[in-house]
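Worksheet: one structure, shown below.
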Amino acid sequence: MTATVAEVTDQEIARRLTSAEVSNLSVARALGVPWGRVDEVRRRLGLATYRRGRRVPETTWQEAVRRRVREVPGGHADWTGSYHPNGTPILSWRGRAQTAYQAVFRLHYRRPPQDNISHSPECDRERCVAGEHLEDRVLREQRRSREAGGVR
Ligand SMILES: [Zn+2]
């Protein structure tokens, strides 16, 4: 039996739509289905409509963070997103802004930071956003206790 248009499932359409910067038309052409069908699936999934020249927003904040972190040699990472005029890397996502340090910390350690975030002593790169180079109060206290020979 030969494949027909009807055999392209909604799941196949959805899978292609979930990658960013994809237009209904390109998916329709790739799968050989009508544009309206793709649009219908996009609406059902609640995905933003593609607009030429405008990136489709990431579906999760985690994805938004990952796409803005660029690893560099030495275990460091640079922020490719926006910066506050004072130089702080900023994650702007769905109309909300937080520092990239807060977002990366939360993603890396899977918990919100306690108090302010600073760079660990082994990190000498300005504005580094490598998760393992960020410390909140809890991590600072743990490190200081280790450094003080605080083996219980
Ligand atoms: Zn670093």
Side-chain angles (χ1 to χ4, degrees), residues 8-31 35 38-152:
V8 174
T9 64
D10 285 358
Q11 281 74 24
E12 280 173 83
I13 295 173
R15 200 159 50 234
R16 284 170 188 262
L17 275 177
T18 46
S19 70
E21 298 167 52
V22 172
S23 70
N24 290 345
L25 190 60
S26 68
V27 173
R29 278 182 183 153
L31 294 175
W35 179 90
V38 180
D39 193 48
E40 188 189 302
V41 173
R42 185 190 287 276
R43 280 166 202 279
R44 206 179 310 140
L45 292 171
L47 294 173
T49 306
Y50 171 86
R51 290 191 214 294
R52 188 182 296 276
R54 175 178 158 270
R55 282 149 67 123
V56 172
E58 292 90 355
T59 47
T60 65
W61 68 269
Q62 288 94 334
E63 188 192 347
V65 172
R66 286 194 195 98
R67 286 178 60 171
R68 289 163 176 76
V69 171
R70 190 181 61 217
E71 290 175 13
V72 294
H76 305 291
D78 287 345
W79 185 249
T80 65
S82 51
Y83 287 79
H84 187 272
N86 72 10
T88 304
I90 297 289
L91 171 68
S92 297
W93 187 73
R94 294 208 170 160
R96 286 169 54 181
Q98 59 181 313
T99 72
Y101 305 129
Q102 289 170 320
V104 168
F105 187 97
R106 194 183 282 260
L107 182 67
H108 187 79
Y109 295 101
R110 295 173 193 284
R111 65 171 175 83
Q114 302 292 309
D115 297 344
N116 65 311
I117 296 172
S118 56
H119 285 106
S120 62
E122 67 260 34
C123 181
D124 57 359
R125 189 178 183 89
E126 212 180 350
R127 293 163 195 159
C128 178
V129 289
E132 56 268 43
H133 291 174
L134 301 177
E135 291 183 335
D136 69 341
R137 179 172 53 77
V138 174
L139 294 176
R140 276 192 297 276
E141 286 173 1
Q142 286 173 358
R143 175 172 53 75
R144 282 174 191 149
S145 126
R146 278 197 309 275
E147 287 168 356
V151 181
R152 279 175 289 165

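Predicted model only: the values in this text are computed from it and were never measured. Computation of the quantities below employed the complete heavy-atom set of this structure, encompassing side-chain atoms and omitting hydrogens, waters and symmetry-equivalent molecules. When a ligand or atom number is given, it counts from 1 through the structure's own listing order.
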Atom of H133 nearest the Zn ion (ligand 1) (restricted to N/O/S, atom name only) = ND1

request  = Would you name the N/O/S atom of H76 that lies closest to the Zn ion (ligand 1)?
outcome  = ND1

query = Is the closest basic N to carboxylate O distance between D39 and R43 below 4.0 Å?
reply = yes

task = Assess whether side-chain hydrogen bond (donor to acceptor under 3.5 Å, both in side chains) is satisfied between R29 and N24, documenting all intermediate values.
result = CA-CA 9 Å; R29 278 182 183 153; N24 290 345; over 6 Å; no

query = Is the gap between the ring centers of F105 and Y101 under 6.0 Å?
reply = no

inquiry  = Angle at the Zn ion (ligand 1), SG of C128 to SG of C123, rounded to 10 degrees, please.
reply    = 110°

ask   = Roughly how far apart are D124 CG and H119 NE2, rounded to 0.5 Å?
value = 10.0 Å

